[in-house]
Number of protein chains: 2
Amino acid sequence: MWLRPSARKGRDAPPLSRDRIVEEAVTLLDAEGADRLTMRRLAERLGTGSTTLYWHVKTKDDVLDLALDMIFAEVLIPAESRGWRADITALIDGWRAVLLRHPWSAALLSRPMLGPNVLARSEFLYATLLRAGAVEPHLTAAAYGLSNYVIGSGLMQATWPTGAGQEARQAAQEHLRAHRESYPALAAHGPHVAEADWDTGFALGLTWLLDGIQAGIAGK
Amino acid sequence: MWLRPSARKGRDAPPLSRDRIVEEAVTLLDAEGADRLTMRRLAERLGTGSTTLYWHVKTKDDVLDLALDMIFAEVLIPAESRGWRADITALIDGWRAVLLRHPWSAALLSRPMLGPNVLARSEFLYATLLRAGAVEPHLTAAAYGLSNYVIGSGLMQATWPTGAGQEARQAAQEHLRAHRESYPALAAHGPHVAEADWDTGFALGLTWLLDGIQAGIAGK
DNA sequence: TCGGTCACCGGATCATTGATCCAGTGACCG
DNA sequence: CGGTCACTGGATCAATGATCCGGTGACCGA
């Protein structure tokens, strides 16, 4: 009784808020991946009981949605314009970097992304394309093409077991080599060969898309 | 005792095999979505105990991996060539159609796809590009660009609450309209406006990618 | 100063689910 | 005919998302 802790549980825990929960969720996701995130583990890290989290958040999915939106804040929106191609390239590159920095996000991409940060990036994309002179149907096609391309790339690369999943990666290569005669082209030129060139490949594809968009604008 | 069922449980159940399990898993996924798939429910549909499934399959994830690979068998690989652009277009369009026909697949795209059906399609893609004359780094960029583009598109469109999720879709539109002043370009030209033109947009983006690939081949 | 409200917290508990233990069971073989 | 072996499933376990309900203390108006 005399020694009853004056403040909260932890040493200096700031007073638990929705933001703090999401923040901790992101670091937990970064550290251990999507399937290791449970409400109990999250609560423990925050120095509270798992029940308490439900006061600030309705369901676990909410935490995931919020975490997903939070990392999109890291994608910085070009302040001053250097031309639409440069602006869009910067945005898309930043977007991709975030997806790769938080590989768990790939698994969450299948839920509707309507958070403010995501919307702000989409807004910038649309606005830039409009300013560049894009009109329908090229406008929508451009916006979607670019988004889909980044998302697909991020998903693909985050999925592919590089770095961390050494044994899984080994297994995959082994798998391909074992079926070499079934997939000759794949075995000879597949992802495991030119493995480090994700960046080059991504940049090339992006160029193609931008060229197509530019041609569409000019030709209109 | 006298009336002991001669065959198995159900009327005419064929003798439960891994294939039958996966097949039923796909129809269950099609009918109710990814989160309604549990081993118990799956077993019940098959007229067996849930335990039995584990004799044919190691984990639930195996079922998901197998189901994902199974639907890729629906993507038909062009038998005789009509030129590399046409061939690739056919493959990619088929691929996209499958992703949209089985929306649950979007959520599973984040796991490594190494099943035979997936690999066979990748093989065809690489082989076609090689035959068209693509060389590195354009080869990898092309293969990845195309794959990423379909995957992203499928994910995006399957995610976006169309048709089925009426209320969710309404909510999303409402959400955008409510923040109209924050996202002017998005509100004016966003996805909810030109909503039906997924196909056109997809085709346009695909054209851009193919044009870029073609230019890369020619210029080499 | 006092009583009460209310934002916030958490132990106990429930239902669901993936997975395993172990005891069958019957077809087939030598 | 005895035994092996592919196959089945009831009971059970541990983990997890979520809820019930009883605290607790800061603050506020009287």
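All chains are named by letter (A, B, ...) in the order of the sequence lines, taking the proteins before the strands, and each is independently numbered beginning at 1. All values below come from the heavy atoms of this structure, side chains included, with hydrogens, waters and symmetry mates left out. Not measured: the values here are computed from a predicted model.
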Roughly how many Å is it from CZ in Arg36(B) to C1' in dT17(C), rounded to a whole number?
-> 13 Å
Do we see a donor-acceptor contact under 3.5 Å between the side chains of Glu136(A) and Thr140(A)?
-> yes
When rounded to whole Å, the CZ to P distance for the pair Arg40(B) and dA11(D) reads 13 Å
Distance in angstrom units between Met39(A) CE and dA15(C) C1', rounded | 17 Å
Consider the side chain of Thr38(A), meaning its heavy atoms from C-beta on, and name the nucleotide among dT16(D), dT12(D), dT19(D) that approaches it most closely.
-> dT16(D)
When every non-hydrogen atom of Glu32(A) is compared with those of Arg36(A), the smallest separation belongs to O-CG, 3.2 Å
Shortest side-chain distance from His56(B), nucleotide among dT12(D), dG17(D), dT8(D) | dT8(D)
Are any side-chain N or O atoms of Arg121(A) and backbone N or O atoms of Asn117(A), one a donor and one an acceptor, separated by less than 3.5 Å?
-> yes
Arg41(A) has an atom CZ; how far is it from atom C1' of dG17(D), in whole Å?
-> 15 Å
Does Thr52(A) have a side-chain nitrogen or oxygen under 4.0 Å from the phosphate oxygens OP1 or OP2 of dG10(C)?
-> yes
Paired nucleotide for dG30(C) [Watson-Crick or G-U wobble; both distances under 3.5 Å] | dC1(D)
Between C1' of dG17(D) and CG of Leu42(A), the distance in whole Å | 13 Å
Between dT17(C), dA18(D), dG10(C), which nucleotide gets closest to the side-chain atoms of Thr59(A)?
-> dA18(D)
What nucleotide, of dG18(C), dG10(C), dT8(D), holds the atom closest to the side chain of Thr51(A)?
-> dG10(C)
Do side-chain atoms of Thr159(B) reach the backbone of Ser110(A) as a donor and acceptor pair under 3.5 angstrom?
-> yes
Nucleotide dT13(C), atom P - distance to OH of Tyr54(A) in whole Å | 19 Å
In whole angstrom, what separates Lys58(A)'s NZ from dA18(D)'s P?
-> 9 Å
d(CZ, Arg18(B); C1', dA6(D)) in whole Å | 15 Å
Would you mind checking if Asp65(A) and Lys58(A) are paired as a salt bridge, meaning a charged N to carboxylate O distance below 4.0 Å?
-> no
Is the distance from OP1 or OP2 of dT8(D) to the nearest side-chain N or O of Trp55(B) less than 4.0 Å?
-> no
